[in-house]
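By convention in this document, chain letters (A, B, ...) are assigned in the order of the sequence lines, proteins followed by strands, and residues within each chain are numbered from 1.
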There are 2 protein chains.
Amino acid sequence: MDNVDRNILYHLQHNARLSRTELGKLVNLSQPAVTERVHRMEEQGVIKEYRTIISPEKIGKHAAAFMLFHTKNCLAFLDFCRSSPEVAECYRISGDHNYLLKVIADSTQDLEEFGNLCDSYGNYTILIVMSSAFDHKDLIPDHEEENLLSE
Amino acid sequence: MDNVDRNILYHLQHNARLSRTELGKLVNLSQPAVTERVHRMEEQGVIKEYRTIISPEKIGKHAAAFMLFHTKNCLAFLDFCRSSPEVAECYRISGDHNYLLKVIADSTQDLEEFGNLCDSYGNYTILIVMSSAFDHKDLIPDHEEENLLSE
DNA sequence: GTTGAAAAAACAGAGGA
DNA sequence: TCCTCTGTTTTTTCAAC
């Protein structure tokens with residue numbers, strides 16, 4: 001992981017479909033060299049996946065919420081979370097609660113119904129997402145492109 | 001947005017680099033037809049982005065947390081969030097607090113330092129992420145592949 | 001929506017600095 | 001580790017159906 005790798009990741013993170021040739025131009029490397037570095041990062045697990053981001057609203061998912069959960073039966077609860085399509089994310093957290101969930105549903109009514117399903121697993125607080133200032137920021141910030149200047 | 005489009009999205013969501021030809025085979029459509037549908041969904045904003053998922057741990061980000069925030073100066077606070085690389089997500093929420101942030105940092109020490117920076121904007125509670133059961137679930141679930149059967 | 005053909009581009013591999 | 005060169009595969013674009 002040197003600066004060239006970081007630079008490759010910087011460009012890939014918001015454009016997974018960049019060709020190796022274009023990527024090479026962006027980081028001042030030949031196409032085979034870029035390909036080799038990308039493969040290496042894929043194998044090392046630095047690159048986990050290439051994902052297509054779909055607009056939830058455009059496919060009818062108009063409601064999102066976070067749920068702070070307190071359960072006494074973690075294993076059953078985790079099974080429930082994994083099998084519920086509404087639960088997009090599930091974290092074990094410190095503090096008064098056990099788990100934090102991110103839930104995505106068609107409507108607030110559906111959120112409410114999902115809440116009913118949760119009742120048997122413990123106590124929770126629902127925090128409705130009213131709006132997102134931003135729901136994602138790239139991990140690798142603008143640059144550290146010293147390596148680009150050296151040619 | 002018919003079932004074929006959903007099927008295309010289903011395959012693309014966890015593999016953004018699928019070629020149009022392969023995609024065509026998966027959804028029983030010719031390559032030009034797939035290309036046209038994908039372009040349409042890109043223009044409509046159904047497809048927002050093609051993202052490369054990078055392992056935070058592998059690039060030295062070993063600490064994550066959620067912060068429940070209560071501020072009196074929303075605009076200044078949002079500026080602060082946008083300009084802080086640690087803040088990966090920022091939501092306006094219902095309940096006792098104003099905002100929910102997801103914060104990613106190198107270490108818990110860095111989380112603490114980030115907390116100090118936040119002091120001037122209001123009150124907050126930090127919920128440290130101890131582990132992720134899962135931090136992502138695909139929006140489009142397994143199938144609805146009725147259309148695949150009809151040929 | 002399909003097929004098919006031609007032009008352009010991307011990719012994988014070998015050999016060498 | 002990187003480069004250039006080359007052959008092969010893929011994409012793309014365009015026709016006609």
Side-chain angles (χ1 to χ4, degrees), chain A residues 1-55 58-60 138-140 142-151, chain B residues 1-55 57-60 140 143-151:
Chain A
M1 278 294 301
D2 57 10
N3 276 331
V4 181
D5 282 339
R6 290 196 116 75
N7 203 205
I8 288 175
L9 293 177
Y10 168 72
H11 290 287
L12 276 182
Q13 62 188 340
H14 53 82
N15 188 0
R17 291 179 65 90
L18 266 180
S19 76
R20 301 294 140 87
T21 313
E22 287 176 283
L23 197 46
K25 287 175 195 162
L26 290 168
V27 304
N28 287 327
L29 228 58
S30 71
Q31 172 263 314
V34 168
T35 301
E36 193 188 333
R37 278 171 178 269
V38 171
H39 280 162
R40 193 167 41 76
M41 289 195 282
E42 287 171 349
E43 275 156 22
Q44 290 177 345
V46 178
I47 292 176
K48 290 165 70 175
E49 195 183 1
Y50 300 100
R51 204 174 280 169
T52 297
I53 307 305
I54 299 166
S55 164
K58 291 285 169 65
I59 60 166
D138 285 337
L139 266 184
I140 316 259
D142 236 27
H143 6 253
E144 42 243 15
E145 289 201 1
E146 311 87 82
N147 54 307
L148 275 184
L149 302 174
S150 62
E151 211 216 13
Chain B
M1 278 294 300
D2 57 9
N3 276 331
V4 182
D5 282 338
R6 291 195 116 73
N7 203 204
I8 289 174
L9 292 177
Y10 168 72
H11 290 288
L12 276 182
Q13 63 188 340
H14 52 82
N15 190 359
R17 291 179 66 89
L18 265 180
S19 76
R20 300 294 138 87
T21 313
E22 288 176 281
L23 197 46
K25 288 175 194 161
L26 290 168
V27 303
N28 287 326
L29 226 58
S30 72
Q31 174 265 317
V34 168
T35 301
E36 193 189 332
R37 278 172 179 268
V38 171
H39 280 161
R40 207 189 57 247
M41 290 195 283
E42 288 172 349
E43 273 157 23
Q44 291 177 344
V46 178
I47 292 175
K48 290 165 70 174
E49 196 183 359
Y50 300 100
R51 206 174 278 170
T52 297
I53 308 304
I54 299 165
S55 164
E57 289 78 17
K58 291 285 169 62
I59 60 165
I140 317 258
H143 11 253
E144 33 246 18
E145 289 201 2
E146 310 88 81
N147 55 306
L148 274 184
L149 303 174
S150 62
E151 210 213 15

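- Of the candidates B:L23, B:L18, B:N3, B:I8 forms a side chain to side chain contact (heavy atoms under 4.5 Å, CB included) with just one, namely B:L23.
- The side chain of A:E22 lies closest to C:dA10, out of C:dT2, C:dA12, C:dA10.
- When the C1' atom of D:dT1 is taken as reference, atom CD1 of A:I8 falls 12 Å away, rounded to whole Å.
- Comparing C:dT3, C:dC11, D:dT1 against the side chain of A:R40 picks out D:dT1 as the nearest.
- Closest to the A:S19 side chain, of the nucleotides C:dA10, C:dT2, D:dC2, is C:dA10.
- For A:R37, counting side-chain heavy atoms from C-beta on, the closest listed nucleotide (D:dC2, C:dA10, C:dA12) is D:dC2.
- Computed from coordinates, the A:E36 CD to C:dA14 P distance equals 13 Å when rounded to whole Å.
- Atom NZ of A:K25 and atom C1' of C:dC11 are 14 Å apart (whole Å).
- Taking the nucleotide of DNA chain D with the nearest heavy atom to each of B:R17 and A:D2, the more 5' of the two is matched to A:D2.
- Residue B:S30 is in base contact, counting any heavy-atom pair closer than 4.0 Å across all strands shown.
- Residues B:I59 and A:R6 form a side-chain contact, since some pair of their non-hydrogen atoms from C-beta on lies under 4.5 Å apart.
- Toward the 5' end of DNA chain C, the nearer of the two residues A:H39 and B:L29, judged by each one's closest nucleotide, is B:L29.
- Remark: the backbone N or O of A:S30 is not paired with any side-chain donor or acceptor of A:R20 at under 3.5 angstrom.
- Judged by distance alone, with hydrogens and angles left aside, the side-chain atoms of A:Q13 form a donor-acceptor pair with the main-chain N or O of A:L139 at under 3.5 Å.
- The environment of A:E42 atom CD is dense: over 12 non-hydrogen atoms of other residues, nucleotides or ligands sit within 6.0 angstrom.
- Taking every heavy atom of residues 43-51 of chain A and every atom of DNA chain C, no pair lies under 4.0 Å.
- Among residues two or more places apart in sequence or in another chain, the salt bridge (charged side-chain N to carboxylate O under 4.0 Å, His left out) test is passed with A:R37 by A:D2, A:D5.
- The CD1 atom of B:I53 lies 10.5 Å from the CD1 atom of A:I47; values are rounded to the nearest 0.5 Å.
- Within 4.0 Å (heavy atoms only), B:Q31 reaches at least one base atom of the nucleic acid.
- With axes fitted over five pairs at each extremity, the angle between the ends of the helix from C:dG1-D:dC17 to C:dA17-D:dT1 is 30° (10° resolution).
- Of all heavy-atom pairs between A:A16 and B:A16, the closest is CB-CB, 4.4 Å.
- In this structure, the side chains of B:M1 and B:L9 come closer than 4.5 Å at one or more pairs of heavy atoms.
- Atom-to-atom, CG of A:N3 to P of D:dC2 comes out at 13 Å; the value is rounded to the nearest Å.
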